Amino acid sequence: MGTKGNNGRSAARNLNATMRIIVTLITGTVFGFFVGVSFIMLAMTKQFPSSFATQALIQDAWSSVMGLNTSITNQVQLNGTTKIWAITNPRGAERLPPGIVASESDLYLRRLVGKPSEDLTIRPKYLVTFTVGIKQKSNVDAAVKKFSENFTILLFHYDGRTTEWDEFEWSKRAIHVSAQKQTKWWYAKRFLHPDIVAQYDYIFIWDEDLGVENFNAEEYIRLVKKHGLEISQPALQQNGKLIWQMTRRRDDREVHKETEEKVGYCAEPHVPPCAAFLEIMAPVFSRNAWRCVWYMIQNDLVHGWGLDFSMRRCVEPAHEKMGVVDAQWVVHQSVPSLGDQGEAQNGTTAWRAVRLRCRQEWTTFHNRLKSAEKRYYNSLGMDPPVSKSRYYG
């Protein structure tokens, strides 16, 4: 009997010891968890100096940990005042309630009076821009008249002369932006941010010296949609000037997406300049493609040389979504109006000095692109792929 009693008491003691160990482990785990969360919160406060912003982030993280419901907009009590910190808002707008955030804009002209909802009798679906000087006034007038009221007309004036265009009725409805001696890519980087042109399905970024006798903008849009082109251009009619085989017009089809070039130009058929390639004189971008290309444009490189071989990075597969519209063609007249705005340097004419800058920019752009790609792949512990294009892009 005594032995059995002793064994029972011993078993009870062992059970109690085991329970204490289990409870201690659970308590330690929970304590360690909350200590870890506290360190995370402390780290977040160092990253976000704004007091109410920090509190909002901590509150959101803590509520998520505890399984509490949180709203997209966090309201934080600070000095008795309710503050907003909406982490899903665009950067810099976190203090605003999401319902008031207007993250996109447009180029629609508005009235100064009346109801805002009644301002627009038509909402243009497309945007066409021309970078112009007064010497090309007649040519630009002819080009603009090829675009219907479905297009917003935007002129970038590199010579500062804008009032002379008022003789055209369409000019009074167009948007005019003036900056002395700047290029269309300088303008595009500064005035065509993707969030500014988000209302437009397609964006035309054209030179001023294009002959458009055989071009119809609405038909062009129809063909682009039909063939699924995200980046395109009208074909170029041969006029004695040297042009790439890819952009040369073919009279037996509506659209082409690839070509044959000189021997050694293309390692395979789907790389520039045999495919996935367009020139920069008359490109047309879908809304989504432009959002990518805009970010590729370098702020200090204004001539755009090199973009033509690299735009393919913005669509996939590029050899299917980039193409030339043969049924709608233009003539590139190659009038050196902007070139004449340059300055002669070291015995070089103004036009030659501009061309030298273009070539320098081409080299700079490709070096930057190659270096950026190398850094990216190195960060992943990988070697960058070998370009199969003769011109890196």
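Because the structure is predicted, anything quoted here is derived from the model rather than measured.
With hydrogens and angles disregarded, no donor-acceptor distance shorter than 3.5 Å links the side chain of H157 to the backbone of Q180. Remark: the backbone N or O of D195 is paired with a side-chain donor or acceptor of H193 at under 3.5 angstrom. A donor-acceptor contact shorter than 3.5 Å is absent between the side chain of K146 and the backbone of N216. Using modelled atom types, one side-chain atom of K184 and one backbone atom of I205 make a donor-acceptor pair closer than 3.5 Å. Remark: side-chain polar atoms of H256 are paired, donor with acceptor, to backbone N or O of M246 under 3.5 angstrom. Judged by distance alone, the side chain of Q328 and the main-chain N or O of A235 form no donor-acceptor pair under 3.5 Å. Put simply, the side chain of D207 never gets that close to the backbone of D209: no donor and acceptor are under 3.5 Å apart. At distances below 3.5 Å, at least one donor-acceptor pair connects side-chain atoms of K321 with backbone N or O atoms of E316. In terms of modelled atom types and a separation under 3.5 Å, the side chain of S171 and the main chain of W165 share a donor-acceptor contact. Side-chain atoms of Y220 come within 3.5 Å of backbone N or O of Q233 as a donor-acceptor pair.
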Show the numbers, then the answer: is there a salt bridge (Lys or Arg N to Asp or Glu O under 4.0 Å) between E167 and K137? CA-CA 10 Å; E167 68 178 86; K137 185 171 63 172; 2.6 Å; yes
For the pair K257 and M322, evaluate side chain to side chain contact (heavy atoms under 4.5 Å, CB included) and give the outcome as yes or no after the intermediate values. CA-CA 6 Å; K257 301 179 181 180; M322 295 179 65; over 6 Å; no
Go through the steps for K226 and E254 under the test salt bridge (Lys or Arg N to Asp or Glu O under 4.0 Å), then give the verdict. CA-CA 10 Å; K226 175 182 176 181; E254 290 182 335; 2.9 Å; yes
Determine, stepwise, if the pair V255 / V224 fulfils side chain to side chain contact (heavy atoms under 4.5 Å, CB included). CA-CA 9 Å; V255 165; V224 163; over 6 Å; no
Please determine whether salt bridge (Lys or Arg N to Asp or Glu O under 4.0 Å) holds for the pair D326 and R248, giving the CA-CA distance in whole Å, both sets of side-chain angles, and the decisive distance to 0.1 Å. CA-CA 8 Å; D326 297 284; R248 190 189 302 270; over 6 Å; no
Run the salt bridge (Lys or Arg N to Asp or Glu O under 4.0 Å) check on D201 and R287 step by step: do they pass? CA-CA 5 Å; D201 294 340; R287 180 194 298 111; 2.6 Å; yes
For F365 and W305, run ring pair (Phe, Tyr, Trp, His ring centres under 6.0 Å): C-alpha distance rounded to whole Å, both residues' side-chain angles, the deciding distance at 0.1 Å, then the answer. CA-CA 8 Å; F365 176 79; W305 279 37; over 10 Å; no
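Ring centers of W185 and H303: at least 6.0 Å apart, outside the cut-off. Not less than 6.0 angstrom separates the ring centroid of F130 from the ring centroid of F204. Remark: aromatic rings of Y202 and F285 are distant, center separation not under 6.0 Å.
Taking both residues in full, the closest heavy atoms of E261 and W244 are given as OE2-CE3, 3.5 Å, listed atom of the first, atom of the second, then distance. When all heavy atoms are compared, the tightest approach of C314 to V293 is SG-N, 3.5 Å. Between P273 and T259, the closest heavy-atom pair is O-CG2, 4.0 Å. Nearest heavy atom pair, residue N139 against residue L210, reads ND2-O, 3.2 Å. The minimum heavy-atom distance linking Y108 with D106 is given by the pair N-OD1, 2.9 Å. Residues L278 and M311 approach most closely at O-CE, 4.2 Å, considering heavy atoms.
By the rule that hydrophobic residues join a cluster once side-chain heavy atoms approach within less than 4.5 Å of another member, L301 and L307 end up as members of one cluster. A continuous path of Ile, Leu, Val, Met, Phe, Trp and Tyr side chains, each step under 4.5 Å between heavy atoms, connects F215 with W170, placing both in one hydrophobic cluster. A chain of hydrophobic side-chain contacts below 4.5 Å, direct or via other Ile, Leu, Val, Met, Phe, Trp or Tyr residues, connects L155 to V284. With hydrophobic clusters built from ILVMFWY side chains whose heavy atoms lie under 4.5 angstrom apart, W294 shares a cluster with I231. W329 and I280 are not part of a single hydrophobic cluster, where members link through side-chain heavy atoms under 4.5 Å apart.
Residue L369 is tested with K374, Q298, R313 for a side-chain contact (heavy atoms from CB on, under 4.5 Å); the sole match is R313.
Contact check for F191 versus W186: side-chain heavy atoms found under the 4.5 Å cut-off. Contact annotation: the side chain of E260 never approaches that of C274 to less than 4.5 Å [non-hydrogen atoms, C-beta and beyond]. Under the 4.5 Å side-chain criterion, counting only non-hydrogen atoms from C-beta, L109 is in contact with I175. V128 is not listed as a side-chain neighbour of L154, based on a closest heavy-atom distance of 4.5 Å or more. By the 4.5 Å heavy-atom criterion applied to side chains, T183 and T131 are not counted as neighbours. A 4.5 Å side-chain heavy-atom check between P98 and N89 finds at least one atom pair inside the cut-off. Contact check for Y377 versus P385: side-chain heavy atoms found under the 4.5 Å cut-off. Proximity of K172 to E169: side-chain heavy atoms (C-beta onward) are separated by under 4.5 Å at one or more points.
Residue E213 qualifies as open at atom CD: its count of foreign heavy atoms under 6.0 Å is 12 or below. For I100, the CD1 atom is loosely surrounded, since the number of other residues' heavy atoms within 6.0 Å does not exceed 12. In the displayed structure, R352 atom CZ is contacted under 6.0 Å by at most 12 heavy atoms of other residues, nucleotides or ligands. In the displayed structure, D383 atom CG is contacted under 6.0 Å by at most 12 heavy atoms of other residues, nucleotides or ligands. Open room surrounds CD on E149; 12 or fewer heavy atoms of other groups in view lie less than 6.0 Å from it. Annotation for Y376: atom OH does not count as buried by contact number, only 12 or fewer foreign heavy atoms lying within 6.0 Å.
Here D159 does not pair with K181 in a salt bridge; the nearest charged N to carboxylate O distance is not below 4.0 Å. A salt bridge is defined here as a Lys NZ or Arg NE, NH1 or NH2 lying under 4.0 Å from an Asp or Glu carboxylate O, and K370 with E373 fails to meet this definition. Using a cutoff of 4.0 Å between basic side-chain nitrogens and carboxylate oxygens, R357 and E361 are scored as salt-bridged.
Ring geometry for Y126 against F151 counts as tilted: the plane angle lies between 30° and 60°, on a 0 to 90° scale. A tilted orientation is assigned to the rings of F277 and F309, their planes being inclined by 30° to 60°.
Y200 and T152 share a side-chain donor-acceptor pair at under 3.5 Å.
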